[in-house]
Asker: 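Sharing a structure here in structure tokens format.
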Protein chains: 2
Amino acid sequence: MTQPGTRRTGAARPTLADVAREAGVSTALVSIVMRGVPGASDATRTRVRAIADDMGYVRDERARKLRQSSSRLIGVTFDLQQAFHGDLVEHLYGAASARGYDLAISAVAPSRREDVAIQALLRERCEVAVLLGSALADDELATTADRVPLLLVARRSEVAGVSSVHSDDAGGVALAVDHLVALGHRRLVHVDGGDAPGADDRRRGFALAVERHGLGADARVVAGGPTEHDGSRAVEVLLDSPTTPTGVVAFNDRCAAGVLDLLVRRRVDVPAEVSVIGYDDSRLAVGPHAQMSTISQNAAEMAEAAIDGALDLLDGGAPREVVLAPHLVARSTTGPASGTGPVG
Amino acid sequence: MTQPGTRRTGAARPTLADVAREAGVSTALVSIVMRGVPGASDATRTRVRAIADDMGYVRDERARKLRQSSSRLIGVTFDLQQAFHGDLVEHLYGAASARGYDLAISAVAPSRREDVAIQALLRERCEVAVLLGSALADDELATTADRVPLLLVARRSEVAGVSSVHSDDAGGVALAVDHLVALGHRRLVHVDGGDAPGADDRRRGFALAVERHGLGADARVVAGGPTEHDGSRAVEVLLDSPTTPTGVVAFNDRCAAGVLDLLVRRRVDVPAEVSVIGYDDSRLAVGPHAQMSTISQNAAEMAEAAIDGALDLLDGGAPREVVLAPHLVARSTTGPASGTGPVG
DNA sequence: TCGCTCATCTAGAACGTTCTAGTCACGAAG
DNA sequence: CTTCGTGACTAGAACGTTCTAGATGAGCGA
């Protein structure tokens with residue numbers, strides 16, 4: 001077997017007609033059998049199926065979707081470099097197939113721009129497009145939304161006609177602050193996300209939360225960003241300043257990883273001296289850099305909401321914004337503030 | 001604009017026939033214009049193109065590929081959780097489009113098995129399938145290869161009829177050993193990959209290389225694996241043993257990251273006390289956990305070779321195994337062995 | 001015997017493209 | 001005046017499915 005010479009090439013793959021000829025029935029009947037819809041006797045059903053299996057028949061999804069009035073296809077763009085997008089895509093597969101839809105995924109990367117990825121999806125005739133963490137400007141979103149129903153994930157939409165699913169960023173950061181305050185921390189710092197999507201909301205959430213606890217005077221926001229490098233750089237700034245914080249709320253897990261890395265390098269004990277909390281609960285958080293405390297966006301829930309929202313748009317529902325509640329995942333990078341607890 | 005009510009839905013997207021009617025010409029002529037092939041006057045060309053743009057025409061890739069004798073489509077499966085796969089996919093996009101091919105990507109994840117991903121590609125009628133780091137057993141590979149020309153990336157193929165592109169694992173590890181030896185290290189250890197693909201070759205490469213340098217007696221192999229966790233666990237074992245090595249060759253970057261992480265935690269200075277080198281040159285290597293020294297598999301080169309190999313299979317070429325030369329990327333986690341250099 | 005229902009099966013048109021095999025007009029050559 | 005060549009364009013089939021509208025025939029009651 002598997003002789004190169006006898007391998008079926010793409011062109012020679014058997015079609016419905018081939019199976020029908022072999023079985024001595026019409027293509028329509030084979031189609032009925034393969035789809036498992038009523039209209040064929042059990043006898044022919046098993047016979048045709050056996051023949052199809054034997055010939056190695058695989059249906060041509062292209063022809064099928066071409067013929068069907070609705071393609072039942074959801075297009076998804078995602079960033080190859082973002083671990084959280086990977087988590088989302090995985091759950092989108094599950095959520096879509098549970099509703100009888102297929103997924104067409106199209107990757108965004110430094111050498112493959114988002115508009116290229118979207119164009120590919122349009123050519124596949126997906127019925128609705130789901131963009132993960134899109135970086136498109138509002139006017140680009142608007143023109144895209146003119147061509148296909150659009151739903152943004154992990155980003156807010158200010159564009160009319162575009163749905164979105166994202167977590168409550170301000171609320172999530174507030175959870176982080178509440179957690180640290182409950183542990184006795186008083187001097188908090190937020191390493192922010194710069195101009196990354198959601199960074200504004202998280203900054204705002206931090207400011208509100210510390211104010212609510214009456215800790216506004218001791219709180220600081222330092223310039224950070226969405227990468228490990230940004231987190232490390234921010235820590236350098238922090239360690240040079242006269243009063244060091246005991247609790248750090250990082251923009252996201254990658255940023256927190258950078259924070260943790262430099263703290264460990266500088267021989268700062270986490271969480272004994274400083275507590276650090278991230279945001280996303282991506283795979284980074286459960287790596288070996290300690291089990292990171294973080295705010296979870298729950299990829300599975302977000303994916304479900306995204307598919308629901310997308311199908312709702314298809315059904316003619318009005319575009320809407322779904323805000324998911326993030327929740328705290330306390331692991332080992334946060335602990336009681338020094339000077340409090342049993343000791344104090 | 002962008003009124004929800006007026007947005008075009010999937011079903012209403014304009015077709016060639018719509019454009020043709022609007023322009024008062026035949027669909028064949030519009031097709032000629034849209035493809036940019038000879039057969040239309042410049043006047044009609046510009047006129048039709050303007051009308052098409054105005055109507056927001058986007059060609060239906062499904063119908064096109066259905067009609068064309070060859071679909072010019074390359075299927076790719078990849079693991080959503082592996083950073084290196086992301087790098088590969090990015091470059092596969094570029095390499096494929098440079099040769100006039102499209103890519104259909106299908107993800108593998110804990111909840112989406114590899115055979116499901118492959119089945120989806122077969123239904124898309126891709127002409128050849130490229131599997132990144134496949135975990136399929138030989139007999140499964142054989143039956144798949146019976147349905148579609150197959151090329152494995154980052155894994156060796158022992159199956160007849162299946163092409164493969166991978167780096168010289170043994171040679172790569174030898175490079176790492178040579179590098180450490182040149183820096184004066186004598187006591188080397190290899191944190192291996194367990195039963196991960198390629199682990200055998202890397203173990204063998206390590207054994208050969210230390211033997212070649214006459215360091216076999218001082219060298220050790222400890223059980224590791226492909227994840228950060230495996231690396232960390234291995235370091236615990238190492239630090240407990242009487243003689244600690246000064247140079248560590250990790251199975252891959254993730255494993256090395258785990259090694260580095262625990263070393264830093266245990267207050268071991270890298271690279272002053274211990275040098276660590278990874279394998280892959282994935283994005284992990286250039287993170288903030290220091291700039292990691294590593295063996296690069298060069299994703300771009302690998303992707304080019306994969307597409308070349310895939311198209312060669314399509315042209316009826318015999319299946320072949322392409323072995324790429326890895327190369328050393330010395331960054332900041334390797335340095336002179338203590339006791340040598342200026343001090344000694 | 002006739003019609004009726006019902007399950008089973010089939011012919012043929014669609015879907016939106018590309019491709020093959022033309023047609024048509026027009027000017028140049030004979 | 002015919003013939004030929006050429007550039008611009010078109011009719012219609014094809015790709016592999018699904019879907020609509022029927023055909024066929026068995027069973028059955030009147």
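The structure presented is a predicted model; accordingly, all values stated were derived computationally and were not measured. The sequence lines fix the lettering, A, B, ..., with proteins before strands; numbering per chain opens at 1.
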Asker: Rounded to the nearest Å, what distance is computed from the CZ atom of residue R125(B) to the P atom of nucleotide dT17(C)?
Answerer: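 Atom CZ in R125(B) sits about 21 Å away from atom P in dT17(C).
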
Asker: With a cut-off of less than 4.0 Å, is there a side-chain N or O of R64(B) near OP1 or OP2 of dT18(C)?
Answerer: yes

Asker: Rounded to the Å, how far apart are R72(B) CZ and dC15(D) C1'?
Answerer: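 From R72(B) CZ to dC15(D) C1': 17 Å.
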
Asker: Between dT17(D), dT10(D), dA13(D), which one does the side chain of R67(B) approach most closely?
Answerer: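 From the listed options, dA13(D) comes nearest.
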
Asker: When the distance from CZ of R21(B) to P of dT10(D) is rounded to whole Å, what number comes out?
Answerer: 14 Å

Asker: What nucleotide among dT17(D), dT10(C), dG16(C) has an atom nearest to a side-chain atom of D60(B)?
Answerer: dG16(C)

Asker: For a quick check under 3.5 Å, do S31(B) and R35(B) share a side-chain donor-acceptor pair by atom type?
Answerer: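 S31(B) vs R35(B): donor-acceptor pair found between side chains.
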
Asker: Check each residue of residues 38-45 of chain B for a non-hydrogen atom within less than 4.0 Å of any atom in DNA chain D, then write out the ones that pass by number, or none.
Answerer: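 Only G39(B), A40(B), S41(B), T44(B) qualify.
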
Asker: Using OP1 and OP2 only, check whether a side-chain N or O of S31(A) sits under 4.0 Å from dT18(D).
Answerer: yes

Asker: Is there a side-chain contact between I74(A) and E127(A), using heavy atoms and a 4.5 Å cut-off?
Answerer: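 No - every pair of side-chain heavy atoms lies 4.5 Å or more apart.
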
Asker: What is the separation between atom CG on L29(B) and atom C1' on dA11(D), rounded to the nearest whole Å?
Answerer: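 Atom CG in L29(B) sits about 13 Å away from atom C1' in dA11(D).
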
Asker: Check every atom of dT10(C), dG16(C), dA11(D) against the side chain of V25(A) and return the nucleotide holding the closest atom.
Answerer: dT10(C)

Asker: Using only heavy-atom distances, determine whether the side chains of T143(B) and R147(B) contain a donor-acceptor pair under 3.5 Å.
Answerer: no

Asker: When you get a sec, tell me which of dG16(C), dT17(D), dG12(C) is the closest nucleotide to the side chain of T15(B)?
Answerer: dG16(C)

Asker: Without hydrogens or angle criteria, can the side chains of H166(A) and Q297(A) be said to hold a donor-acceptor pair below 3.5 Å?
Answerer: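 Q297(A) and H166(A) do not have a side-chain donor-acceptor pair below 3.5 Å.
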
Asker: Give the rounded distance in Å between these two atoms: CD1 of I32(A) and P of dC9(C).
Answerer: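 Value for this atom pair: 9 Å.
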
Asker: Would you mind reading off the distance between E127(B) atom CD and dC15(D) atom C1', rounded to a whole angstrom?
Answerer: 14 Å

Asker: Could you give the CG-to-P distance, from L16(B) to dC15(D), as a whole number of Å?
Answerer: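 The distance from CG of L16(B) to P of dC15(D) comes to 19 Å, rounded to the nearest Å.
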
Asker: Whole angstrom is fine here: how far is it from CG in L122(B) over to P in dG16(D)?
Answerer: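 The distance from CG of L122(B) to P of dG16(D) comes to 16 Å, rounded to the nearest Å.
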
Asker: By nearest atom, which of the nucleotides dT10(C), dG16(C), dT17(D) is closest to the L66(B) side chain?
Answerer: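 Selected nucleotide (nearest to the side chain): dG16(C).
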
Asker: Excluding sequence neighbours, so at least two apart, what forms side chain to side chain contact (heavy atoms under 4.5 Å, CB included) with A300(B)?
Answerer: H91(B), N298(B)

Asker: Where the side chain of A28(A) is concerned, which of dC19(C), dT17(D), dC19(D) is the nearest nucleotide?
Answerer: dC19(D)

Asker: Nearest to the side chain of R35(B), heavy atoms from C-beta on, is which of dT10(C), dG16(D), dC19(C)?
Answerer: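 Between dT10(C), dG16(D), dC19(C), the one nearest the side chain of R35(B) would be dC19(C).
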
Asker: Start with the C-alpha gap between T27(B) and R21(B), add the side-chain angles, then the distance that decides, and say whether side-chain contact (heavy atoms from CB on, under 4.5 Å) holds.
Answerer: CA-CA 8 Å; T27(B) 61; R21(B) 198 178 316 111; over 6 Å; no

Asker: So, E321(B) and S157(B): side-chain donor and acceptor under 3.5 Å apart, yes or no?
Answerer: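 The criterion, which ignores hydrogens and geometry beyond distance, is not satisfied for S157(B) and E321(B).
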
